[in-house]
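One structure is given here, and the rest of the page talks about it.
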Amino acid sequence: MEVHEANENLILPKSIITIGAFDGVHRGHQKVIRETVRESAIEGVQSVVYTFDPPPRAYFQGAHILTSVKEKIHRFKRLGVDYVVIAPFDESYTKRSPESFISELKRLNPKSIRVGEDFRFGKSRKGDVDLLKKHFLVQPIHTVYCTKGTRISSTRIRELMLEGDIQQTEPLLGW
Ligand SMILES: Cc1cc2nc3c(=O)[nH]c(=O)nc-3n(C[C@H](O)[C@H](O)[C@H](O)COP(=O)(O)O)c2cc1C
Ligand SMILES: Nc1ncnc2c1ncn2[C@@H]1O[C@H](COP(=O)(O)OP(=O)(O)OP(=O)(O)O)[C@@H](O)[C@H]1O
């Protein structure tokens, strides 16, 4: 697996990409990444995880970070990912428009992009799956819920940790 910083401007001839903070690499994330890796194997192209450091919620809301970049990279590798692109999430990065981000993705020549149905990107979260679909083939991944019926999310896991309910976080994290 290769790890690149976003500002290295990696170019790939073809790829399948997934995008997100992936803090915790929980069961929802694992499904998104496994689907990306599975599809890339079928298509015979490289799989790419495009991620952010720090996670946007840590940057904007001071959220507690569940997994370090090093740990995330380790988990991506175990899931069989070919390339990881890490964008340093700082003030200038957050000001980039959705269109600027889309131009960057075009360098990776995605055959398809796999994200959750609610994925947002770009300044003030203006970009969504419908905008991505105007430029790429996007195949949204259905939401993964826990047995209690709530959507598995890094936010939910952080809340459970704050409540001291470590036992309940385990089935959501899946590791
Ligand atoms: C270029 C770019 C700019 C962004 N700017 C903002 C922003 O201004 N405000 C915000 O809350 N999130 C911003 N984000 C973060 C997204 O809302 C979102 O958290 C990110 O794309 C990761 O997706 P995920 O939260 O589903 O993992 C930006 C993301 C990108 C790629
Ligand atoms: N439960 C889930 N089911 C399916 N896809 C998911 C799930 N959780 C996250 N994803 C997708 O995984 C990618 C990374 O998501 P992200 O890092 O925002 O996770 P999150 O758990 O929603 O985080 P947070 O709670 O901090 O917003 C995005 O494409 C998102 O749509």
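Heavy-atom basis, side chains included; hydrogens, waters and symmetry copies ignored. In each ligand, atom 1 is the first atom listed, and ligand 1 is the first ligand listed.
- The pair Glu35-Lys31 does not count as a salt bridge, with every side-chain nitrogen at least 4.0 angstrom from each carboxylate oxygen.
- Crowding of Lys123 atom NZ: a count of heavy atoms from other residues, nucleotides or ligands under 6.0 Å not exceeding 12.
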Could you list each nitrogen or oxygen of ligand 2 that sits under 3.5 Å from a protein nitrogen or oxygen, with the atom names and the distance?
| from | atom 1 | to | atom 2 | distance (Å) |
| --- | --- | --- | --- | --- |
| ligand 2 | 1 (N) | Val144 | O | 3.0 |
| ligand 2 | 1 (N) | Ile152 | O | 2.8 |
| ligand 2 | 3 (N) | Val144 | N | 2.8 |
| ligand 2 | 8 (N) | Arg151 | NH2 | 3.3 |
| ligand 2 | 17 (O) | Ala21 | N | 3.2 |
| ligand 2 | 17 (O) | Phe22 | N | 2.9 |
| ligand 2 | 17 (O) | His29 | NE2 | 3.4 |
| ligand 2 | 19 (O) | His29 | NE2 | 2.8 |
| ligand 2 | 21 (O) | His26 | NE2 | 2.7 |
| ligand 2 | 21 (O) | Ser154 | N | 2.6 |
| ligand 2 | 21 (O) | Ser154 | OG | 3.2 |
| ligand 2 | 22 (O) | Arg151 | NH1 | 3.2 |
| ligand 2 | 22 (O) | Arg151 | NH2 | 3.1 |
| ligand 2 | 23 (O) | Ser154 | OG | 3.4 |
| ligand 2 | 25 (O) | Ser154 | N | 3.4 |
| ligand 2 | 25 (O) | Thr155 | N | 2.8 |
| ligand 2 | 25 (O) | Thr155 | OG1 | 2.5 |
| ligand 2 | 26 (O) | Arg57 | NE | 3.1 |
| ligand 2 | 26 (O) | Arg158 | NH1 | 3.3 |
| ligand 2 | 27 (O) | Arg57 | NE | 2.7 |
| ligand 2 | 27 (O) | Arg57 | NH2 | 3.1 |
| ligand 2 | 29 (O) | Ile19 | O | 3.3 |
| ligand 2 | 29 (O) | Gly116 | N | 3.0 |
| ligand 2 | 31 (O) | Gly116 | N | 3.0 |
| ligand 2 | 31 (O) | Asp118 | OD1 | 3.2 |

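- With contacts defined as side-chain heavy-atom distances shorter than 4.5 Å, the pair Pro13/Asn109 does not qualify.
- Within 6.0 Å of CZ in Arg107 there are more than 12 heavy atoms belonging to other residues, nucleotides or ligands.
- Counted within 6.0 Å of CD on Gln167, heavy atoms from surrounding residues, nucleotides or ligands total 12 or fewer; the atom is thus considered open.
- If you look at ligand 1, the protein residues with a non-hydrogen atom under 4.0 Å away are Gly20, Ala21, Phe52, Pro56, Phe60, Phe89, Tyr93, Thr94, Arg96, Phe101, Phe119, Arg120, Phe121, Gly122, Lys123, Ser124, Arg125.
- Each of Arg158, His29, Lys72 was evaluated against Asp23; a single residue qualifies, Arg158, per the side chain to side chain donor-acceptor pair (under 3.5 Å) test.
- A salt bridge is defined here as a Lys NZ or Arg NE, NH1 or NH2 lying under 4.0 Å from an Asp or Glu carboxylate O, and Glu43 with Lys14 fails to meet this definition.
- Counting non-hydrogen atoms of neighbouring residues, nucleotides and ligands closer than 6.0 angstrom, the CD atom of Glu163 exceeds 12 such neighbours.
- Classification of the Phe101-Phe121 ring pair by plane angle, with boundaries at 30° and 60°, yields tilted.
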